[in-house]
Amino acid sequence: MQQGLPIRPFKATILETVAQNEFSIIIGETGSGKTTQVAQAALSVARRVAEEMDTDVGAEVGYSVRFDERTSARTRIVYLTDGTLLREMLDNPELDAYSVIVLDEAHERSLNTDVLFGVLKGLVKSRKKPLKLVLTSATLDAEKFSAYFDGCPVLHIPGRQYSVQVAFSEENHEKDYAAAAVDAALDLHLHQPPGDILIFLTGQAEIDKAVKQLTEEVAAMPEGACPDLLILPLYAAMPLELQTRVFTPPPEGCRRLIVATNIAETSITVDGVVYVVDPGVVKQKSYNPATGMETLAITAISRVQATQRAGRAGRTRNGKCYRLYTQKYFERDMPAETLPEIQRTSMLTAVLFLKSLPLDIDVLAFDYLDHPGRPALEDALRQLYILGAIDVDGHITGMGRRMAALPVEPSVARTLIAAAELHCLPDALTVAAMLSAETIFSGNRGPQQVLRGDEGKGKQSALPDSARAALGQMLKEGLGDHILLLRLYQAWEQQSFSPKWCREMRLDARGMNFAREVRRQLTDLVKRADFLPDKELAVQGKSSKRKRDDSDGGQTTDALRRAVLIGFANRLARRMSQHNGYKTLNEHSTLAQLHPSTAPLASDEYGLTPDYLIYTSLVATARVFLSKVCPMEPEWVQCILPKLWDIDVKRLSGGATTEIAVVQAEQAAHAPEGTVKKGAYVVLPRKNDVSSVDAARARYLARRGSRPLK
DNA sequence: GAGCACTGC
């Protein structure tokens, strides 16, 4: 511990508390200068601590993050991300290399840390070799955490925060919060003494619009009416070099106005901010386990978040926070805490992880800090059963263990295992890696928009002829997104991973490089996990060496698509007989359309798209959409269908009849209101009634005779 | 014919 830090006088107390207790909670302000990414933070923290201890990173102090590990036999302290620790537990469930585990930033309540809470709490009690758990947090419901960890002691360490004066609005701005935020910022700029301003908005489009508006307003002001103003947008999707502009101090006498997403709430700390404008909303993802549908909706923040945002004004000196909602709203209506991620996300991966620990965990009765809810767990169990990861009694299978060992979502893991058997593993590795990188095309576009040159609202940019030809050729194949992702990677590899080629093709360099790293990691893992005898892997060779139009007559992609079908059997959809809408083949069948960002699918002479396809996600925005799809041959699907109908969830969940009171989770199970237009989608009451669809289709075709649709 | 917040094994 360094001299002069606020925590210094507490050293003895902390050491004594940790020594005498299995669990300890330390509440205090986090240090300044947190870096942008968690992995980078782990790395830089390791470096800083190594420096303070006068050692090298990797000697006494090491780190372990995805794609990079630096530890040695001499390492005493290792910094790692929550995901890395979970991975480590799969190989070493006792974690016997560690005697004390510190969970930093526990208040952030990521899915991973919540899983760690439960698992580590159990481990502290069961492990023969003593283990201590320390939680550190900025703000958190200390009583709740302490109660969960057997009434453990809570230490409060005063921070270095300056005071922040909070002002509420006279009225609420549910609808016009963005405009109100712009007005507030301009007002601050005109009437308040020097100091940077930080506005929280919910997304890129909103921020770009606000920045444009602010720029115009300021330009229209008479010369000398106000000081110089530098307006800086800030969101995760923008290039890193633009993000880092906020770390450069402004010129003398110039005020900065930072218009940011939630990234400025915790991930990026901007020094110099004195005024915060908080509209009280955030864009948040949630998942409905009943339909398997995701929504990304503008949601009210919690009082904890509002406090965190206000705190951003007090980093360098006393500041002010302007809340665009009333004090009454804040006190009476605003949620006290943010719904933890575990209560608004799919539990698929987490359940597979818990099941693969050698503890025979009953995931319904597991000791969660906040229970994810029965519907979310049953949804996960059902999907894991379809993928063969658990048996009818809910026990993990050998397949499940092999899946859990791969750092990709269960469907992708299952695809890889199937691909090994179907002799198309190298290509499947490529698809898996490309699916891991969520942004492939720059500017949040799909392949068809890129080909057309759409750059968003009205803007067009001519694609170079060579790129247009190459992309057009790929899209002609008509086999959907997975195969297109394969073709893009293969072409990029052919171009020696050229960044210039990426730019020409409008591919996102960050996403593509990430995919390349993931592919490398996965390739390593499947080799070690003995997916295939070495000989076989050598025979299958590298994906790119095979030419697209080779002599195998499409068998390459057939095998790959079959592997994808096996992996994504939990996300199968069937086209309606008379139009191009699809019905998902899950518990609560939902009608959905192909998202305009999907790669084109070959259609028949009536313009109808394939009878069956798998999708990677079902998202409700303006309507319900299937995104990232892969078409399937009906005869392949027939083998899969029986397993989908015949699921006994009671048995999967260990025949549990215990009632679990989960009030919050019940709320989480329902997507926030206001995101989906009423009547924009239909939840069909009948389950998976294929025969009636067949019959309807037959009647329709008979009526229509051979008359083409168009 | 839509539009993705934030993480990171």
Side-chain angles (χ1 to χ4, degrees), chain A residues 36-43 64-69 80-91 105 108-113 115-116 200-209 234-238 260-268 281-286 294-299 301 305 338 341 344-345 349-350 352-353 403-410 412-413 432-433 436-446 448-449 452 454-457 508 510-511 514 517-518 521-522 525 580 593-598 617 619-627 672 675 680:
Chain A
T36 52
Q37 257 101 44
V38 176
Q40 276 178 31
L43 198 145
S64 179
V65 296
R66 191 175 196 180
F67 309 132
D68 193 14
E69 186 192 341
L80 32 73
T81 52
D82 48 14
T84 315
L85 187 59
L86 286 174
R87 285 278 135 209
E88 214 171 305
M89 290 197 81
L90 292 175
D91 295 327
E105 311 279 10
E108 285 184 11
R109 302 293 307 274
S110 73
L111 175 62
N112 283 345
T113 43
V115 170
L116 280 171
F200 284 99
L201 289 178
T202 62
Q204 174 175 352
E206 200 173 77
I207 288 171
D208 289 346
K209 189 179 161 197
L234 181 64
Y235 43 81
M238 63 197 258
T261 60
N262 234 29
I263 196 169
E265 194 178 293
T266 49
S267 303
I268 295 180
V281 284
V282 68
K283 200 177 275 184
Q284 204 175 50
K285 196 156 118 175
S286 60
E294 292 169 359
T295 50
L296 198 59
I298 293 168
T299 317
I301 62 165
Q305 280 179 287
T338 314
E341 192 183 0
R344 53 181 168 85
T345 197
T349 304
L352 178 60
F353 171 79
M403 286 163 61
L406 297 169
V408 286
E409 62 155 313
V412 178
S436 297
E438 75 295 7
T439 38
I440 293 298
F441 287 101
S442 58
N444 240 328
R445 290 169 297 166
Q448 307 198 63
Q449 291 101 303
R452 273 197 317 267
D454 291 11
E455 290 273 11
K457 274 211 157 178
D508 183 77
R510 256 199 283 179
F514 181 74
E517 283 208 273
V518 173
Q521 185 191 28
L522 290 174
L525 282 166
N580 284 345
Q593 310 296 321
L594 290 173
H595 195 279
S597 73
T598 54
S617 62
V619 290
T621 46
R623 295 158 67 189
V624 181
F625 292 110
L626 302 168
S627 68
T675 45

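For the numbers below, each heavy atom of this structure counts, side chains included, while hydrogens, waters and symmetry mates do not.
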Sugar-phosphate, base or nothing in reach of A:L86, heavy atoms under 4.0 Å | nothing

What is the distance from CD of A:E105 to P of B:dC6, rounded to the nearest Å?
-> 18 Å

Take the protein atom CD of A:Q305 and the nucleotide atom P of B:dA5, then report the distance between them rounded to whole Å.
-> 16 Å

note: A:H595, atom NE2; B:dG1, atom C1'; distance rounded to Å ~ 9 Å

Quick one: is A:T261 getting a side-chain N or O under 4.0 Å of the B:dC6 phosphate, OP1 or OP2?
-> yes

What is the distance, rounded to the nearest whole Å, between atom CG of A:L296 and atom C1' of B:dT7?
-> 13 Å

Atom CE of A:M238 to atom C1' of B:dC6: distance rounded to whole Å?
-> 15 Å

Contacts of A:Q521 and A:L234 projected onto DNA chain B by closest heavy atom; the upstream (5') one is A:L234

Looking for any heavy atom pair under 4.0 Å, which part of the strands does A:T84 touch: base, sugar-phosphate only, or nothing?
-> sugar-phosphate

Ignoring backbone atoms, establish whether A:T81 has a side-chain N or O less than 4.0 Å from OP1 or OP2 of B:dC9.
-> yes

Please report, rounded to the nearest Å, how far the P atom of B:dG1 is from the CD atom of A:Q593.
-> 9 Å

Confirm from the modelled atom types if A:Q204 and B:dA5 form a donor-acceptor pair under 3.5 Å, side chain to base only.
-> no

What nucleic acid atoms does A:A236 come within less than 4.0 Å of, heavy atoms only: base, sugar-phosphate, or nothing?
-> sugar-phosphate

Counting side-chain heavy atoms from CB outward, which of B:dT7, B:dA2, B:dC9 is closest to A:E438?
-> B:dT7

Base, sugar-phosphate, or nothing: which does A:S436 touch, judged by heavy atoms less than 4.0 Å apart?
-> base

Shortest side-chain distance from A:R66, nucleotide among B:dT7, B:dC9, B:dA2 | B:dC9

Take the protein atom CG of A:N444 and the nucleotide atom C1' of B:dG1, then report the distance between them rounded to whole Å.
-> 15 Å

Counting just side-chain N and O atoms, does A:S110 come under 4.0 Å of either OP1 or OP2 of B:dC6?
-> no

Rounded interatomic separation in angstrom, taking CZ from A:F514 and C1' from B:dT7 | 10 Å

